[in-house]
Amino acid sequence: MSPRSTTRRRRSITAATALTGVLVLSACADRGGASAAGGEFPSETITFMTPTSAGGATDLTARTLATEMEKDLGVSIVVENRPGGAGSVGMEHLAAQAADGYTIAVLPVEVSLLGHQDYEIDPADYDFLGQANSQPGTIAVPADSPFRTLEDLIRAAEEVPGSVAVSNAGPGSIWELGATELGNAAGVEFKNVPFDGGAPAVTAATGGQVDAVVAGIGETAPAHEDGRLRVLAVFTEDRAPALPDVPTASEQGHDVVIGSWATVAAPAGLDPEVAGTLEESLEKAVSSEAYVSFIEKGGNIPLHRSASETEEFVNAESTRFAELVGAGS
């Protein structure tokens, strides 16, 4: 463990946090491995934290995974929301917990991004247990918006720079970077409006509080389908299966490819046997019919990487985002 990690564990988290949406799931199976203390793991309730507000894609991913992992591990799992600071509040909280396997979390793409934006977040502070999905980015407008196409939105931003308000999941979030990247590609300036998570950012758009929202397809596709939002572009190389009729930004002349993903992690320093038990349970959960159905229904991509592959991927993404943030500053 790095000295930086040790320091963070000792540091109390003083940021004001909102604790919402606690969900206790009943246990119904029994398996485990030896803990660092020599007992069976797990033998008590596991806290499954998400650094986002209740109702968003990351939160729902955590709840679905928790349900499946609980069946396998045989103990209750409590899902806990700790939003704030584009996820930094929850991530710092996780890094400060004991590395005993009883506190884990879904960590979104921001774990690779925030450290390049003046937040004290470092992937080295976590033991990654695996990757759980991939989520394409999108830009959408309220259903009754006068902006029928991406070009309409960009033209308005050209005419009055900073007049087009675009909500996102918070300062430093991948979706704030997505809006900035689109603006850079189109040569315009949007007015970024941050919220604590994707769910409230999307709600602001469906309620007409902003002109547009940049968010994951899992949060915009359902609102597009039921007529509350109109997705103008998907930030992928090819069209997304969930929205086959929506053109990519690249098709419309703006080369923007950016998206999110979810990993499951614990504080750095897990006992290898405990880590192995959690990794195995996560792999089963990601492969379960219930989880795959949930992910695909939301327009996301079910994707599992092993613990070692996930660590390598997260570090590679961190390098990529360092370049993107530097180029946009």
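All of these numbers come straight from a predicted model, not from anything done at the bench.
Here the straight-line distance linking atom CZ of Arg82 with atom OG of Ser88 works out to 13.0 Å at 0.5 Å rounding. In this structure, CD on Glu68 lies 8.0 Å from CG on Leu65, to the nearest 0.5 angstrom. With values rounded to the nearest 0.5 angstrom, Leu270 atom CG is found 8.0 Å from Asp100 atom CG. A distance of 10.5 Å separates CG of Asp127 from CG of Asp271, quoted to the nearest 0.5 Å. Rounded to the nearest 0.5 angstrom, Tyr119 OH and Glu110 CD are separated by 10.0 Å. Considering CZ of Phe41 and OG1 of Thr277, their distance stands at 6.5 Å, rounded to 0.5 Å.
In this model, no donor atom of one side chain and acceptor atom of the other lie less than 3.5 Å apart for Thr50 and Asn81.
At most 12 non-hydrogen atoms from other residues, nucleotides or ligands lie less than 6.0 angstrom from CD of Glu312. By the 6.0 Å contact criterion, CD on Glu279 is enclosed, its count of non-hydrogen atoms from other residues, nucleotides or ligands being greater than 12. By the 6.0 Å contact criterion, CD on Glu237 is open, its count of non-hydrogen atoms from other residues, nucleotides or ligands being 12 or less.
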_Pair Val106, Thr263 - check side chain to side chain contact (heavy atoms under 4.5 Å, CB included), show working._
CA-CA 6 Å; Val106 168; Thr263 67; over 6 Å; no

*Could you go step by step and tell me if Val166 and Lys191 meet the side chain to side chain contact (heavy atoms under 4.5 Å, CB included) rule?*
CA-CA 6 Å; Val166 181; Lys191 178 183 178 181; over 6 Å; no

*Please step through side chain to side chain contact (heavy atoms under 4.5 Å, CB included) for the pair Val164 and Leu153, ending with a clear verdict.*
CA-CA 8 Å; Val164 176; Leu153 189 74; 3.6 Å; yes

*Walk me through it: do Ile295 and Thr61 pass the test side chain to side chain contact (heavy atoms under 4.5 Å, CB included)?*
CA-CA 8 Å; Ile295 290 297; Thr61 294; 4.3 Å; yes

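Of the possible polar contacts, none joining the Glu317 side chain to the Ser112 backbone as a donor-acceptor pair under 3.5 Å is found. Looking only at distances, no side-chain donor or acceptor of Thr103 sits under 3.5 Å from a matching main-chain atom of Ala99. With hydrogens and angles disregarded, no donor-acceptor distance shorter than 3.5 Å links the side chain of Ser318 to the backbone of Asn315. No side-chain donor-acceptor contact under 3.5 Å links Ser287 to the backbone of Lys284. Side-chain atoms of Asp226 come within 3.5 Å of backbone N or O of Arg228 as a donor-acceptor pair. Side chain of Glu176 to backbone of Gly172: a donor-acceptor contact under 3.5 angstrom is found. Not one N or O on the side chain of Ser293 forms a donor-acceptor pair closer than 3.5 Å with the backbone of Glu289. Looking at Tyr126, its side chain does come within 3.5 Å of a backbone N or O of Met91 through a donor-acceptor pair. In this structure, Arg230 contributes its side chain and Val141 its backbone to no donor-acceptor pair below 3.5 Å. A side-chain donor-acceptor contact under 3.5 Å links Ser288 to the backbone of Ala285.
Under the 4.0 Å criterion applied to side-chain N and carboxylate O atoms, Arg320 and Glu323 are not assigned as salt-bridge partners.
Counting only heavy atoms from C-beta outward, the side chains of Leu107 and Val264 never approach each other to under 4.5 Å. Taking the side chain as every heavy atom from C-beta outward, Ser53 and Phe195 never approach each other to under 4.5 Å. At a threshold of 4.5 Å between non-hydrogen side-chain atoms, the residues Glu181 and Leu324 count as touching. Between Thr47 and Tyr102 the shortest side-chain heavy-atom distance does not fall below 4.5 Å. Within the 4.5 Å cutoff, the side chain of Pro267 has heavy atoms near those of the Leu94 side chain. Using a 4.5 Å heavy-atom threshold, the side chains of Ile77 and Met69 count as touching.
Residues Val75 and Ile104 share a hydrophobic cluster, clusters being chains of Ile/Leu/Val/Met/Phe/Trp/Tyr side chains in contact below 4.5 Å. A single hydrophobic cluster is not seen to contain both Ile154 and Leu229; linkage of ILVMFWY side chains at heavy-atom distances under 4.5 Å, directly or through other members, places them apart. Neither Val231 nor Leu182 shares a network with the other; the hydrophobic side chains, linked directly or stepwise wherever heavy atoms of I, L, V, M, F, W or Y lie under 4.5 Å apart, form separate groups for each. Under the 4.5 Å side-chain heavy-atom criterion for Ile, Leu, Val, Met, Phe, Trp and Tyr, Val325 and Val257 are members of distinct hydrophobic clusters. In the hydrophobic cluster analysis, where Ile, Leu, Val, Met, Phe, Trp and Tyr join through side-chain heavy atoms closer than 4.5 angstrom, Leu243 is grouped apart from Ile139.
Minimum heavy-atom separation, Pro108 to Pro51: CD-CG, 3.8 Å. In this structure, Leu129 and Ala275 approach most closely via the heavy-atom pair CD2-O, 4.2 Å. Considering every non-hydrogen atom in both Ala143 and Gly227, the closest pair reads CB-O, 3.0 Å. Minimum heavy-atom separation, Asn192 to Ala179: OD1-CB, 3.4 Å. Between Trp175 and Ala169, the shortest heavy-atom contact is CD1-CB, 3.9 Å. The two residues Gly55 and Leu60 have their closest heavy-atom pair at O-CD1, 3.7 Å.
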Table please: side-chain donor-acceptor pairs of residues 299-308 below 3.5 Å, with sequence neighbours left out.
{"from": "Asn300", "atom 1": "OD1", "to": "Gly218", "atom 2": "N", "distance (Å)": "3.4"}
{"from": "Arg305", "atom 1": "NH1", "to": "Gln131", "atom 2": "OE1", "distance (Å)": "2.4"}
{"from": "Ser306", "atom 1": "OG", "to": "Ser308", "atom 2": "OG", "distance (Å)": "3.4"}
{"from": "Ser306", "atom 1": "OG", "to": "Glu309", "atom 2": "N", "distance (Å)": "3.3"}
{"from": "Ser306", "atom 1": "OG", "to": "Glu309", "atom 2": "OE1", "distance (Å)": "3.2"}

Please report, to 0.1 Å, the donor-acceptor pairs under 3.5 Å made by any side chain of residues 202-217, with sequence neighbours excluded.
{"from": "Thr203", "atom 1": "OG1", "to": "Ala199", "atom 2": "O", "distance (Å)": "3.0"}
{"from": "Thr206", "atom 1": "OG1", "to": "Val202", "atom 2": "O", "distance (Å)": "3.4"}
{"from": "Thr206", "atom 1": "OG1", "to": "Thr203", "atom 2": "O", "distance (Å)": "3.0"}
{"from": "Asp211", "atom 1": "OD2", "to": "Ala165", "atom 2": "N", "distance (Å)": "2.8"}

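Every residue was checked against the salt bridge (charged side-chain N to carboxylate O under 4.0 Å, His left out) condition with Glu158, not counting sequence neighbours, and none meets it.
Sorted by first then second residue, the ring pair (Phe, Tyr, Trp, His ring centres under 6.0 Å) pairs that include residues 258-301, not counting sequence neighbours, are Trp261-Phe313. Annotation: ring pair (Phe, Tyr, Trp, His ring centres under 6.0 Å) contacts involving residues 197-226, sequence neighbours excluded, are absent. Listed by first and then second residue, the side chain to side chain donor-acceptor pair (under 3.5 Å) pairs that reach into residues 136-153 are Thr138-Thr220, Thr149-Asp152, Glu151-His254, Asp152-Arg155, sequence neighbours excluded.
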